[in-house]
Amino acid sequence: MTDVVIQLDLFPASALLAESGTTFMNTRVAVVDGNVEVWRNEYPAPVVVFTAPLTSFEGNVRTGYTLHTDAGTVIAGRDGGCGCGATLGTVDLWAGKRRINTSL
């Protein structure tokens, strides 16, 4: 079994792709193996709408995160609510891998 290192996993979250001005609500924002991933709830399964290697970051779970990549900046923060009923909250996005949680 291979490992996956999870440095950040925000759900439910909103994500602003700063360069395009696109905001995604009800997302899951993660930093996985050094890559920023923005997942959106879709039927029948969640889809990745943004992924790029993380180059630097600012912030924390209370104030939100600014995640810098060569492909652009993602501004992410927690959404209100619990995310109940959303596939993103229950699906194993990294199935078949052993999850190792660490911090940014």
Side-chain angles (χ1 to χ4, degrees):
M1 178 178 281
T2 59
D3 295 343
V4 61
V5 177
I6 310 294
Q7 295 171 280
L8 176 68
D9 190 0
L10 287 177
F11 175 78
S14 59
L16 168 65
L17 305 183
E19 282 70 19
S20 69
T22 303
T23 299
F24 293 101
M25 306 299 286
N26 191 27
T27 65
R28 189 166 178 178
V29 178
V31 177
V32 181
D33 290 335
N35 293 303
V36 176
E37 296 179 354
V38 178
W39 292 80
R40 187 173 64 191
N41 208 28
E42 292 286 336
Y43 180 81
V47 295
V48 174
V49 295
F50 180 87
T51 186
L54 178 70
T55 55
S56 65
F57 77 96
E58 297 98 36
N60 59 56
V61 73
R62 291 183 184 184
T63 62
Y65 289 92
T66 302
L67 307 166
H68 302 282
T69 73
D70 288 337
T73 300
V74 177
I75 301 169
R78 288 213 181 269
D79 272 346
C82 63
C84 299
T87 308
L88 278 173
T90 57
V91 70
D92 183 2
L93 299 176
W94 307 283
K97 296 184 177 182
R98 184 176 61 172
R99 184 178 170 134
I100 299 173
N101 294 319
T102 185
S103 61
L104 283 173

Query raised in the report: Side chains of Val4 and Thr2: does their closest heavy-atom pair fall under 4.5 Å?
Result: no
Report summary line: Contacts of Thr90 meeting side-chain hydrogen bond (donor to acceptor under 3.5 Å, both in side chains) (sequence neighbours excluded), chain-then-number -> none
Query raised in the report: For the side chain of Thr27 and the backbone of Val29, is there at least one donor-acceptor N/O pair under 3.5 Å apart?
Result: no
Query raised in the report: When hydrophobic residues are tied together by side-chain contacts of less than 4.5 Å, even through go-betweens, does Phe11 share a cluster with Val61?
Result: no
Query raised in the report: For the residue pair Val91 and Pro46, what are the closest heavy atoms and their distance?
Result: CG1-CG, 3.7 Å
**Report entry** Side chains of Leu67 and Leu8 in contact at under 4.5 Å (non-hydrogen atoms)
**Finding:** yes
Query raised in the report: Does Ile75 offer a backbone N or O that forms a donor-acceptor pair with the side chain of Thr66 under 3.5 Å?
Result: no
Requested in this report: Kindly compute the distance separating CZ (Arg78) from OG1 (Thr63), expressed to the nearest 0.5 Å.
Outcome: 12.0 Å
Query raised in the report: Any idea how Trp94 and Trp39 line up, ring-wise: parallel (<30°), tilted (30 to 60°), or perpendicular (>60°)?
Result: perpendicular
Report summary line: Rounded to the nearest 0.5 angstrom, the CG-CD1 distance for Asp3 and Ile100 is 3.5 Å
Query raised in the report: Does Arg28 use its side chain to pair, donor to acceptor, with the backbone of Leu88 at less than 3.5 Å?
Result: yes
Query raised in the report: Yes or no on side chain to side chain contact (heavy atoms under 4.5 Å, CB included) for His68 and Glu58, after CA distance, side-chain angles and deciding distance?
Result: CA-CA 9 Å; His68 302 282; Glu58 297 98 36; 3.0 Å; yes
**Report entry** With Tyr65, the side chain to side chain contact (heavy atoms under 4.5 Å, CB included) member among Val31, Val74, Leu104
**Finding:** Leu104
Report task. Kindly indicate, with the supporting measurements, whether the criterion side chain to side chain contact (heavy atoms under 4.5 Å, CB included) is fulfilled by Glu19 and Thr73. Result -> CA-CA 7 Å; Glu19 282 70 19; Thr73 300; 3.7 Å; yes
Query raised in the report: Is Val47 reachable from Leu17 through a run of I, L, V, M, F, W or Y residues, each pair having side-chain heavy atoms under 4.5 Å apart?
Result: yes
**Report entry** Residue list, side-chain hydrogen bond (donor to acceptor under 3.5 Å, both in side chains) with Arg99, at least two apart or on another chain
**Finding:** Asp9, Asn101
